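In this text, all values refer to a predicted model and were calculated from it rather than measured experimentally. Each chain gets a letter, A, B and so on, in the order its sequence line appears, and its residues count up from 1.
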Number of protein chains: 2
Amino acid sequence: MVKRNEQLDRVFGALADPTRRGILEQLSHGESTVGTLAAPHNVSQPAISRHLRVLERAGLIRRERKGREHHIRVDPSSVEEAQDWIAHYARFWKRQFDAVDDYLTKHGKKRKK
Amino acid sequence: MVKRNEQLDRVFGALADPTRRGILEQLSHGESTVGTLAAPHNVSQPAISRHLRVLERAGLIRRERKGREHHIRVDPSSVEEAQDWIAHYARFWKRQFDAVDDYLTKHGKKRKK
DNA sequence: ATTACGCTTAACCATTGGGTTATATATTAG
DNA sequence: CTAATATATAACCCAATGGTTAAGCGTAAT
């Protein structure tokens, strides 16, 4: 009954870090290289290199070697699964939530805004 | 330029763990108590207790003490921010991705799928 | 009053994660 | 050929994470 889904682990795990989210934001403007991606973050280049590896393992980015530079682009397919997971449950969560909210309203208890 | 958003860190971080996602799935069927939530997972009850604390800090659940039991329900508001973050960038990522895909198609290179 | 129950907290351990600097590898430039 | 550039890997450090067992605390049952 314990549903394992390592892909979700990796995608959500990747998104949990601000530097990595920053990189994904940069990539929304288009393909880029490691050095360019690294510039605005004030961590060392090796650190960025490892963030990229995490993103790559999560399937969030693709890398194409062109000479000595690596051209990085985003791959949105793997994020879809995460998006779907949230969307699926959000439906039930919201229903749940609204029901409680209604109950509190009717019974005049501390209605939350 | 490095955009900090600790709330997103916490929400995505919380979702990155299978046990915690499991708990959220259970809660989609309705409010529950700590013991009931713990049952299907084969980790100790204190472990669940800490997972709940993580979820609570991320704003994903609410807790109401009723005598000696804690009644837990999901709070979907904080997940919305995460959902919005993904949705916002997914728009650009997808455009990005489709452009590359088109390019590859036109130039007859290894078209993916 | 005593015991049982539901849950949290504390103390501990092993693993992972994110950072660093130093070194390695491959490619381009001179 | 040599030097510079782009990036990755190695070795290390420290803090955070996820698990455990043992103890604590408030509430309910007897």
Inset, instruction - Give a yes or no on whether A:R91 atom CZ has more than 12 heavy-atom contacts from other residues, nucleotides or ligands under 6.0 Å away. - result: no
Take atom [atom1] of [X] and atom [atom2] of [N], then tell me their distance rounded to the nearest Å.
X     : N      : atom1 : atom2 : value
A:E64 : D:dA6  : CD    : P     : 19 Å
B:N42 : D:dG18 : CG    : P     : 16 Å
A:L55 : C:dG17 : CG    : P     : 13 Å
B:R53 : D:dG18 : CZ    : P     : 11 Å
A:H41 : C:dG18 : NE2   : P     : 14 Å
A:R21 : C:dG18 : CZ    : P     : 12 Å
A:R10 : C:dG17 : CZ    : C1'   : 16 Å
B:L15 : D:dT17 : CG    : P     : 15 Å

Can you check whether [Y]'s main-chain N or O pairs, donor with acceptor, with [X]'s side chain at less than 3.5 Å?
X     : Y     : answer
A:R20 : A:A14 : yes
A:Q7  : A:A58 : yes
B:S28 : A:Y89 : no

Inset, instruction - Give a yes/no on whether any side-chain N or O of B:H51 is located under 4.0 angstrom from OP1 or OP2 of D:dG19. - result: yes
Shorter than 3.5 Å, N or O on both sides, protein versus nucleotides 3-8 of chain C: list them out with atom names.
| unit_1 | atom_1 | unit_2 | atom_2 | d |
| --- | --- | --- | --- | --- |
| C:dC5 | O4' | B:R68 | NH1 | 3.3 |
| C:dC5 | O2 | B:R68 | NH1 | 3.2 |
| C:dC7 | OP1 | B:V34 | N | 3.2 |
| C:dC7 | OP1 | B:H70 | N | 3.3 |
| C:dC7 | OP2 | B:G35 | N | 2.7 |
| C:dC7 | O3' | B:H70 | ND1 | 3.3 |
| C:dT8 | OP1 | B:R63 | NH1 | 2.0 |
| C:dT8 | OP1 | B:H70 | ND1 | 3.3 |
| C:dT8 | OP2 | B:S49 | OG | 2.5 |
| C:dT8 | O5' | B:S49 | OG | 3.3 |

Inset, instruction - Sequence neighbours left out, what passes side-chain contact (heavy atoms from CB on, under 4.5 Å) with B:E80? Give chain and number order. - result: A:K94, B:Q83
Inset, instruction - Please name all residues satisfying side-chain hydrogen bond (donor to acceptor under 3.5 Å, both in side chains) with A:W85, sequence neighbours left out, ordered by chain then number. - result: B:E25
